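On a predicted model such as this, the values are computed, not experimentally measured, just so you know.
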Amino acid sequence: MASEKVETVVAGNYLEMEREGDRDSKSAKSRLSKFFWHGGSVYDAWFSCASNQVAQVLLTLPYSFSQLGMLSGIIFQLFYGLMGSWTAYLITVLYVEYRTRKEREKVDFRNHVIQWFEVLDGLLGKHWRNIGLFFNCTFLLFGSVIQLIACASNIYYINDNLDKRTWTYIFGACCATTVFIPSFHNYRIWSFLGLLMTTYTAWYLTIASLTHGQVEGVKHSGPTKMVLYFTGATNILYTFGGHAVTVEIMHAMWKPQKFKLIYLIATLYVLTLTLPSASAVYWAFGDMLLNHSNALSLLPRTGFRDTAIVLMLIHQFITFGFACTPLYFVWEKFIGMHDTKSLCKRAVARLPVVIPIWFLAIIFPFFGPINSTVGSLLVSFTVYIIPALAHMVIFSSASARENAVERPPSFLGGWTGLYCMNIFVVGWVLIVGFGFGGWASILNFVRQIDTFGLFTKCYQCPPHKA
């Protein structure tokens, strides 16, 4: 009975919004626009999660396999995939808890997008809010940087007349157009297309590598060094840490409480892309990948490869929007523009967010190593440690557990099993992800700076033929 009441409270405002919108949506043009542009269903959320979870990192996973070895690479993908799904579930629970409490107090969210730091603020206070805001915004900032770096890295394999830094300037301007996309409601068609694009690229990598066969004298010597091993592991930690935008995706749903299993199902689908592609490329090229962080650089140029590159470029534009949109919301709230209904005014107000992203992509163009650094220092806290700790603190009292909107699954052993899971996540990620992973990824990142320098024009580019 209580759960039915919660569902009514959580979903109420969305249904009101739909009914209000329907009054003006009778024309064929409006219905078509709504079909492509305005999503909020379970399927929209699944496409958003699956599309956002694996983008350019698909191209760096073979590089991680060369650092980890085949067996460890497969095990870490399965392990971090499940761990990421668990903490995404925790974020879902805390969002529903926060939103239910607020809507019982008659708070109206129709013109306001709830974000993770606001959930922490409402449930735990300003200190948790500030910590969550710092880690989440910094991670999303560098997540956007990584997408720009990936764009330049990929397009170079089609057109090397311009160096990668120049391509970064160009794609920075292109990605700035995401300021015109209002919210995650409006990613419906983009999420669907994005998932098709990564699916094509993953199976292209798999089939092309198997067709190509193993290069002469191929070696599979990984793992050889601890630094490389933990660098590769943290890149996979980063891969399955894409749920920094979970709250915003949930908020775009008509019934957010249905999100609970969506991330897990999205992760299972993503594993059907990442495991075959990374394994096949590593099988074909082995240790050569240690010096080629972008898997596309080793495959011969064909129409299929060029198609994969173009599709990944479009997908990286979409993923840039996914990572940047929460930053736009934070900035809008900071300058008092979040409730403004004018799309043009909001777009202009958002532009300053893109400038530091552009600048950082030019300073640190290290495609591959930057993923591991962001994974160990930022993803570890943003989407693993903080959600698990927050959940334990919020429900530490007997009264909080008794009045919880969402109770732990019975197969876990109730609250005891849930706390054991959370303690394991915090301990593992703190020691292995942040500790060993941070040490290894920083050493590797510094080595890239020593080798190529900051502001390098063309990271890992082969010398031009005369």
Would you say that more than 12 heavy atoms from the other residues, nucleotides or ligands in this model lie under 6.0 Å from the [atom1] of [X], or not?
X	atom1	answer
K260	NZ	no
F424	CZ	yes
F304	CZ	no

How long is the straight-line distance from [atom2] of [Y] back to [atom1] of [X], given to the nearest 0.5 Å?
X	Y	atom1	atom2	value
M312	T198	CE	OG1	7.0 Å
Y169	W358	OH	CH2	9.5 Å
L59	T201	CG	OG1	7.0 Å
T138	L377	OG1	CG	10.5 Å
I370	I149	CD1	CD1	4.0 Å
I442	S376	CD1	OG	6.0 Å

Side chains of [X] and [Y] in contact at under 4.5 Å (non-hydrogen atoms):
X	Y	value
Y95	H251	yes
M337	K345	yes
M197	Q316	no
K164	S153	yes
Y328	I181	no
N154	W167	no
L196	Y200	no
L327	R350	no

Minimum heavy-atom separation for [X] and [Y], please, with both atom names.
X	Y	value
A388	L90	CA-CD1, 3.7 Å
A390	L94	CB-CD1, 4.1 Å
L68	I236	CD1-CD1, 3.6 Å
P356	P352	CD-O, 3.1 Å
C49	I249	SG-CD1, 4.2 Å
L289	P62	CD1-O, 3.6 Å

Side-chain donor or acceptor of [X] paired with backbone N/O of [Y] under 3.5 Å:
X	Y	value
R165	I362	no
K258	S41	no
T166	L162	no
Q147	S144	no
R301	D306	no
E248	Q115	no
T60	Y63	no
T87	G84	yes

From CA spacing to verdict: ring pair (Phe, Tyr, Trp, His ring centres under 6.0 Å), Y43, F192:
CA-CA 9 Å; Y43 301 103; F192 174 72; over 10 Å; no
Please confirm whether the ring centroid of [X] lies under 6.0 Å from the ring centroid of [Y].
X	Y	result
F285	H212	yes
Y263	Y89	no
Y282	H220	yes
Y269	W46	yes
W116	F135	no

Are a donor atom and an acceptor atom from the side chains of [X] and [Y] found within less than 3.5 Å of each other?
X	Y	result
Q53	T267	yes
K225	Q67	no
H315	S51	yes
Y80	T239	no
T274	Q77	yes
S48	S191	yes

Show, in sequence, the C-alpha distance, side-chain angles and deciding distance for D121 and K126, and conclude whether the salt bridge (charged side-chain N to carboxylate O under 4.0 Å, His left out) test is met.
CA-CA 5 Å; D121 186 22; K126 66 178 182 179; over 6 Å; no
Would you mind telling me which of W86, F240, W428 makes a ring-ring contact (aromatic ring centres under 6.0 Å, His included) with F79?
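For F79, the ring-ring contact (aromatic ring centres under 6.0 Å, His included) check succeeds only for W428.
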Mind checking what makes side chain to side chain donor-acceptor pair (under 3.5 Å) contact with R346, not counting sequence neighbours?
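Scan of R346 (side chain to side chain donor-acceptor pair (under 3.5 Å), adjacent residues dropped) gives E332.
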NZ/NE/NH1/NH2 to OD/OE distance under 4.0 Å, D44 and R188:
yes
Please test F65 against S279 for side-chain contact (heavy atoms from CB on, under 4.5 Å), starting from the C-alpha separation and ending with a verdict.
CA-CA 7 Å; F65 270 47; S279 302; 3.6 Å; yes
Kindly indicate, with the supporting measurements, whether the criterion side-chain contact (heavy atoms from CB on, under 4.5 Å) is fulfilled by L78 and L82.
CA-CA 6 Å; L78 295 171; L82 290 173; 5.6 Å; no
Mind running side-chain contact (heavy atoms from CB on, under 4.5 Å) on F364 and F445 for me, showing each step along the way?
CA-CA 9 Å; F364 306 115; F445 196 77; 3.6 Å; yes
Residues F436, W439; criterion ring pair (Phe, Tyr, Trp, His ring centres under 6.0 Å); working and verdict:
CA-CA 5 Å; F436 288 107; W439 162 74; 7.0 Å; no
Any chance you could lay out the side-chain hydrogen bond (donor to acceptor under 3.5 Å, both in side chains) test for S297 and N294, step after step, and finish with the verdict?
CA-CA 6 Å; S297 65; N294 189 330; 5.5 Å; no
After noting the C-alpha distance and the side-chain angles of S221 and D287, does the key distance pass the side-chain hydrogen bond (donor to acceptor under 3.5 Å, both in side chains) rule?
CA-CA 7 Å; S221 54; D287 292 351; 2.4 Å; yes
Steps toward side-chain hydrogen bond (donor to acceptor under 3.5 Å, both in side chains) verdict (T231, S441):
CA-CA 5 Å; T231 300; S441 58; 5.9 Å; no
Could you check V119 against R129 for side-chain contact (heavy atoms from CB on, under 4.5 Å), going step by step and ending with a plain yes or no?
CA-CA 8 Å; V119 173; R129 176 201 66 195; over 6 Å; no
